[in-house]
Enquirer: 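So that we are looking at the same thing, I have put the structure below in structure tokens.
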Amino acid sequence: MPDDTVSPTGWGHAVPAAARLPRSLLVLGGTSEIALATARRLIARRTRTVWLAGRPSPALDRAAEQLRRLGAQVRTVAFDALDHASHENVLGKVFAEGDIDMVLLAFGTLGDQAHDERSPRAAVRVAQTNYTGAVSAGLVCAGALQNQEHGSLVVLSSVAGERARRADFIYGSSKAGLDTFTQGLGDALYGTGVHVMVVRPGFVRTRTTAALPEAPFATTPEAVATAVELGLRRRAETVWVPGGLRVVMSALRHLPRAVFRRLPL
């Protein structure tokens with residue numbers, strides 16, 4: 001199915017596109033700049049209730065207050081991606097409060113490639129955060145959405161997962177696993193009323209990436225938020241940000257390995 005088409009499952013074609021935007025939103029990774037840009041955009045459209053899940057911190061409290069000033073009812077919940085044993089209990093309490101129209105899985109860590117290659121423990125932490133933690137939380141939320149028989153699970157992946165690069169293969173491998181998991185989960189939930197969408201941004205300008213050299217096709221949290229909204233309206237399964245990266249990455253993915261190694265990526 002093309003990326004910009006609307007799935008015939010769930011709400012279907014008869015429902016206006018605006019009605020596919022959520023009234024209630026659960027953000028896993030409540031201090032993520034991309035997630036907060038998305039929340040702001042959705043609040044301006046239709047969203048009225050937001051749960052910000054993350055490690056308790058002043059940053060999480062500030063994020064909640066900023067969204068409240070936009071008119072949303074916002075609650076925070078203590079959530080640790082690495083504490084897999086707690087996910088079912090913590091997230092189950094959120095869903096017990098009422099239906100959630102959309103879950104945005106936005107937590108993750110870039111790591112430090114040079115350091116992590118010398119420290120297997122640090123590399124494992126990247127993998128456990130970006131992949132294992134996401135699998136655990138994603139399955140808990142998917143089960144809850146399926147019980148509701150409606151809702152969207154939106155997962156922030158990355159173009160880094162499309163092909164291993166020397167510069168970031170630890171991070172990229174974790175995102176490749178996450179991307180594959182999300183696609184498979186979408187297939188498993190097809191026809192249940194639950195919409196699963198994977199978002200593949202390129203280099204996003206945030207505080208986290210400020211010290212890194214900017215890559216081609218760099219984008220912003222606001223641009224990702226716009227793409228998420230359009231994807232929700234279309235019931236898309238895959239969203240690239242910017243859209244041109246789809247063609248670029250398709251070409252790079254099929255380059256012979258000997259050629260790909262020589263590229264300044």
Side-chain angles (χ1 to χ4, degrees), residues 27-35 53-57 59-60 78-88 90-91 104-141 153-185 198-219 221 224 240-241 245 249 252-253 255 257-265:
V27 177
L28 305 181
T31 59
S32 159
E33 290 180 62
I34 296 174
R55 292 177 179 168
S57 67
L60 186 64
F79 170 81
D80 186 344
L82 294 174
D83 187 4
H84 313 137
S86 72
H87 290 175
E88 192 166 1
V90 170
L91 299 176
L104 176 58
L105 199 160
F107 61 79
T109 180
L110 284 173
D112 181 326
Q113 179 71 33
H115 172 266
D116 296 348
E117 285 183 37
R118 300 189 301 271
S119 174
R121 184 174 297 180
V124 166
R125 186 177 181 85
V126 172
Q128 288 184 334
T129 301
N130 295 350
Y131 179 68
T132 310
V135 168
S136 173
L139 286 174
V140 170
C141 291
L153 173 62
V154 179
V155 177
L156 291 184
S157 179
S158 170
V159 296
E162 283 291 289
R163 184 163 184 177
R165 297 191 311 151
R166 173 66 187 90
D168 65 355
F169 65 81
I170 295 174
Y171 170 78
S173 65
S174 68
K175 287 297 188 178
L178 173 62
D179 200 292
T180 299
F181 166 77
T182 305
Q183 291 179 66
L185 184 60
V198 61
V199 182
R200 295 172 180 160
F203 183 95
V204 183
R205 303 183 194 97
T206 65
R207 289 186 297 272
T208 303
T209 62
L212 301 177
E214 188 164 306
F217 295 94
T219 189
V224 178
W240 297 81
V241 192
L245 274 177
M249 295 310 299
L252 290 176
R253 189 166 57 246
L255 277 180
R257 196 168 180 183
V259 176
F260 185 79
R261 280 197 186 111
R262 293 198 292 270
L263 295 179
L265 299 175

Enquirer: If you compare all heavy atoms of Ala134 against all heavy atoms of Phe181, which two are closest, and at what distance to 0.1 Å?
Expert: O-CE2, 4.2 Å
Enquirer: Atom CG of Leu110 and atom OG1 of Thr129: how far apart are they, to the nearest 0.5 Å?
Expert: 11.5 Å
Enquirer: Looking only at non-hydrogen atoms, find the nearest pair between Ser157 and Pro201 and report the distance.
Expert: O-CD, 3.4 Å
Enquirer: About how many Å separate CZ of Arg165 and OG of Ser173, when rounded to the nearest 0.5 Å?
Expert: 12.5 Å
Enquirer: For Val27 versus Ala35, what's the shortest heavy-atom pair and its separation?
Expert: CG1-CB, 3.5 Å
Enquirer: Do other residues, nucleotides or ligands put more than 12 heavy atoms under 6.0 Å from Glu88 CD?
Expert: no
Enquirer: Report the relative orientation of the aromatic rings in Phe79 and Phe107; use parallel for angles under 30°, tilted for 30 to 60°, perpendicular for over 60°.
Expert: tilted
Enquirer: How long is the straight-line distance from NZ of Lys175 back to OG1 of Thr180, given to the nearest 0.5 Å?
Expert: 12.5 Å
Enquirer: Could you give all pairs that pass the salt bridge (charged side-chain N to carboxylate O under 4.0 Å, His left out) test and reach residues 109-123, with sequence neighbours left out?
Expert: Glu117-Arg166
Enquirer: Working to the nearest 0.5 angstrom, can you tell me the gap between Leu91 CG and Leu28 CG?
Expert: 6.0 Å
Enquirer: Which heavy atom of Pro56 sits nearest a heavy atom of Ala78, and at what distance?
Expert: CG-CB, 3.8 Å
Enquirer: Measuring from Leu156:CG to Arg200:CZ, what's the distance to the nearest 0.5 Å?
Expert: 12.5 Å
Enquirer: Tell me if a side-chain donor or acceptor on Ser136 pairs with a main-chain N or O of Thr132 at a distance below 3.5 Å.
Expert: no
Enquirer: Answer yes or no: is there a donor N or O on one side and an acceptor on the other, between the side chain of Asn130 and the main chain of Thr109, under 3.5 Å?
Expert: yes
Enquirer: From Tyr171 OH over to Gln113 CD, what is the distance, rounded to the nearest 0.5 angstrom?
Expert: 12.0 Å
Enquirer: Taking all non-hydrogen atoms of both residues into account, name the closest pair between Thr31 and Ala59 and its distance.
Expert: CG2-C, 3.8 Å
Enquirer: I need the minimum non-hydrogen distance between Leu82 and Arg55, along with the two atoms involved.
Expert: CD1-NH2, 3.7 Å
Enquirer: Are Val135 and His84 side-chain neighbours, meaning at least one heavy-atom pair lies under 4.5 Å?
Expert: no
Enquirer: Any heavy-atom pair between the side chains of Leu178 and Val198 that's under 4.5 Å?
Expert: no
